[in-house]
Amino acid sequence: MRNPGEKFSAWTGGGHRGVERRTFAEFVELCQRLEATESRSAKARMVAAFMSSLGPEEARAFAYMLVGRKSGERGKPINVGWSTVQRALSIAEGSVPLDLWGRRLGLLEVWRALEELSALEGPGSQEKRVRALASLFVRCTPEERGWLVRVLTGEMRHGVNHGVFLEAVAAMLRRDLDEIRYADMVYSDIGKLAELAVRNELAAQQVEPMRPVRPMLAEMCGSPSEALSEHGGTSCFEPKYDGIRLQVHVSGGEVRLFTRRLRDVTQNLPDVVEAVRREIRCRSAVLDSEAIAVGHDGRPMPFQETVRRVGRERELEEALRELPLALRVFDVLHLDGKATVLMPYLDRRRLLEEFVPPEMLAPVSRLSDPKEVEELMRRNVETGNEGLVAKDPRSPYIPGRRGKHWLKLKASETMDVVIVAAEWGHGRRSGWLSNYHLAVYDDASGRFVMVGKTFKGLTDAEFEEMTRKLLSIAVERQPWGVVVRPEVVVEVAFNEVQRSPRYEGGLALRFARIVRIRDDKAPTEVNTLEDLRRVFLRQMERRGASERFSL
Ligand code: AMP
């Protein structure tokens, strides 16, 4: 028999980086012991003992492999399908385990190999992946091979899930489990967590007065029902103020104010400092809030005004009189010696109500009906707010994180666009042309240019009718759908205009959804690329203003 190592030498010859302390065989032996152990705490202790013998990079690989995650660092899945695994196994079958250069597979080496083979791309990559995987299998004993398959399929079946792994980290570091759970949320990457733990660099997530932390951020959301379902049916809605973010630190009699980028703006805002001293009753606290400029009529002033006010250091007295700033507090991160970040949003909110006067608090509405959310949104936009922020009632406060715990719902603008092509739908929408390519008119070239797609907004009956209509004006049929004469005008709502290298005009509508079919409009009446540019520039201007003042 030909030496199987020869066949795969292209891969096995490649060296690996990082310090290797444990072999893959030792990892497998641990997995077998875990499988034979009932007690959860005993499992955690075994994992802790093993982990404490690893180098930082090994610990990262260990965490990914042990918890049976198919993905490495976020967004980089181990790209190996079942058929690849089967083909690689059949190649490796029958070969004797190969003790290459007298050295057994290292734990880190296996993980690196999996990362490398899943990064393969382009023509022939499937074949290369099979060969690379086979060359790993060849070097395994039958038990190791079995466990490698479990790693690849993500079904470890040894009872160490994410939670047990966190217990192991806590046991290894002799730290409180809650602290480790919280760090896990902050890093949201179990490999990173294990690496930091082994380095003994897992920072205690202590939020303390006078030490600003990066604020928690919100993700964009398309509709009230999306926000509600994301938060399990009920969500807490606050106004989305068009102001600036202020983190308020109180300690004894001292007050400090920090912006979103942690710039200390205490000096610029003596009126806010004074109001905090006067109105907020606590010994020490860290609060999250939005500061808005309020006009004489009590309505919020436009964002630009607020920024101008905060940036201005001269003639402060006059500005103070002109534009009083009001604080809208919406969160508490620390109170009287204790971090509160781990408490669920609703409990933090109740706490806030005990020591912050109601007029200084952002009002909150707990809702489960999308219609009521729409109504609240309408009222907020009318009074000068940007929209709403939906907050998951159960969520902790995670500094620096943009995620789905907080979702921003902005009032949408609409544009008239023309449909230039449509794709066949899938699932419930199969048989219908349901994903529409939307275009605006470009004055410069005298053509329609595509600025987005949408499959949202039509009823079933409308989809059916639209399919008939589009087929009747089709000029080109493709397997994916049809290209049509630009005749059907629709009004779409969208949340934002964004840069897009994919489209000819360089701009795209974000979260477009059809709000009306505009039979009353001719394609010559649709919006132009210039209109899109204007909306885009307006957005940029607002962001630019905050950049200038490094907020
Ligand atoms: P954006 O700047 O569009 O990413 O939206 C996030 C910003 O909305 C935050 O950084 C806050 O400054 C602001 N914001 C306004 N009202 C609230 C609120 N009630 N809760 C959280 N953030 C808010």
Side-chain angles (χ1 to χ4, degrees), residues 212-222 227 231 235-248 257-263 265 269 272 286-294 300-304 306-307 310 325-333 341 345-346 348-349 352-353 356 358-367 373 376-377 379-381 383-393 395-413 494-498 510-511 535-536 538-551:
V213 291
R214 285 176 304 139
M216 180 159 170
L217 299 171
E219 214 165 82
M220 184 79 112
C221 173
H231 292 169
S235 186
C236 294
F237 295 87
E238 295 174 5
K240 184 172 192 311
Y241 296 108
D242 195 5
I244 55 153
R245 189 78 172 261
L246 276 189
Q247 202 171 96
V248 181
L257 307 171
F258 298 91
T259 64
R260 177 174 169 151
R261 294 202 191 165
L262 313 188
R263 187 162 77 109
V265 287
L269 306 169
V272 176
V286 179
L287 305 172
D288 202 350
S289 72
E290 188 88 352
I292 48 174
V294 186
M301 301 279 286
F303 175 77
Q304 300 279 24
T306 310
V307 169
V310 179
L325 270 194
L327 213 51
R328 296 287 179 266
V329 179
F330 54 75
D331 221 316
V332 51
L333 284 59
V341 280
Y345 166 87
L346 264 185
R348 299 200 304 278
R349 172 73 202 193
L352 268 182
E353 288 169 9
V356 179
E359 60 281 6
M360 255 195 174
L361 282 174
V364 58
S365 316
R366 207 169 158 198
L367 302 174
V373 181
L376 184 67
M377 176 96 158
R379 273 187 275 131
N380 266 280
V381 172
T383 52
N385 295 321
E386 261 194 302
L388 301 172
V389 185
K391 300 187 174 177
D392 188 331
S395 61
Y397 188 100
I398 312 179
R401 170 81 70 79
R402 188 184 292 284
K404 293 196 186 298
H405 287 328
W406 289 9
L407 294 167
K408 50 189 173 188
L409 281 161
K410 290 197 195 182
S412 48
E413 302 191 53
F494 60 96
N495 294 50
E496 220 174 34
V497 174
Q498 63 182 10
R510 188 143 191 251
F511 289 120
V535 176
F536 182 70
R538 205 163 65 226
Q539 283 171 200
M540 292 310 285
E541 215 170 84
R542 283 166 51 150
R543 288 191 190 143
S546 57
E547 295 290 309
R548 262 204 309 287
F549 291 98
S550 64
L551 299 175

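Indexing begins at 1, ligand by ligand and atom by atom, following the structure's order.
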- Message: Under a 3.5 Å distance rule, please check whether Ser289 uses its side chain to pair with a backbone N or O of Leu246 as donor and acceptor.
- Response: yes
- Message: Would Lys391 and Phe330 count as a cation-pi pair here, with the cationic atom under 6.0 angstrom from the ring centre and within 45° of the axis?
- Response: yes
- Considering only heavy atoms of Trp406, which atoms of ligand 1 have at least one such atom less than 4.0 Å away? 21 (C)
- Relative to atom 1 (P) of ligand 1, which among Glu386, Met216, Lys408 owns the nearest non-hydrogen atom? Lys408
- Nearest-0.5 Å distance that lies between atom CZ in Arg349 and atom CZ in Arg366: 12.5 Å
- Classify the contact between Glu238 and ligand 1 as side chain, backbone, both or neither, using a heavy-atom distance cut-off of under 4.0 Å. side chain
- Query: Pro239 near ligand 1, heavy-atom distance under 4.0 Å?
  - Reply: yes
- Message: When you compare the side chain of Leu407 with that of His231, does any pair of heavy atoms fall below 4.5 Å?
- Response: yes
- Item | Cationic N near anionic O, under 4.0 Å, Asp392 to Lys404 | no
- Contact partition for Arg328 relative to ligand 1, non-hydrogen atoms under 4.0 Å: neither
- Message: My understanding is that we take every heavy atom of each candidate and find the minimum distance to atom 17 (C) of ligand 1. Doing that for Val329, Val389, Thr259, Asp288, which one comes out nearest?
- Response: Val389
- Could you tell me which non-hydrogen atom of Asn495 sits nearest to which non-hydrogen atom of Cys221, and how far apart they are? ND2-O, 3.5 Å
- Item | Under-4.0 Å heavy-atom contact with ligand 1, by part of Lys410 that carries it | side chain
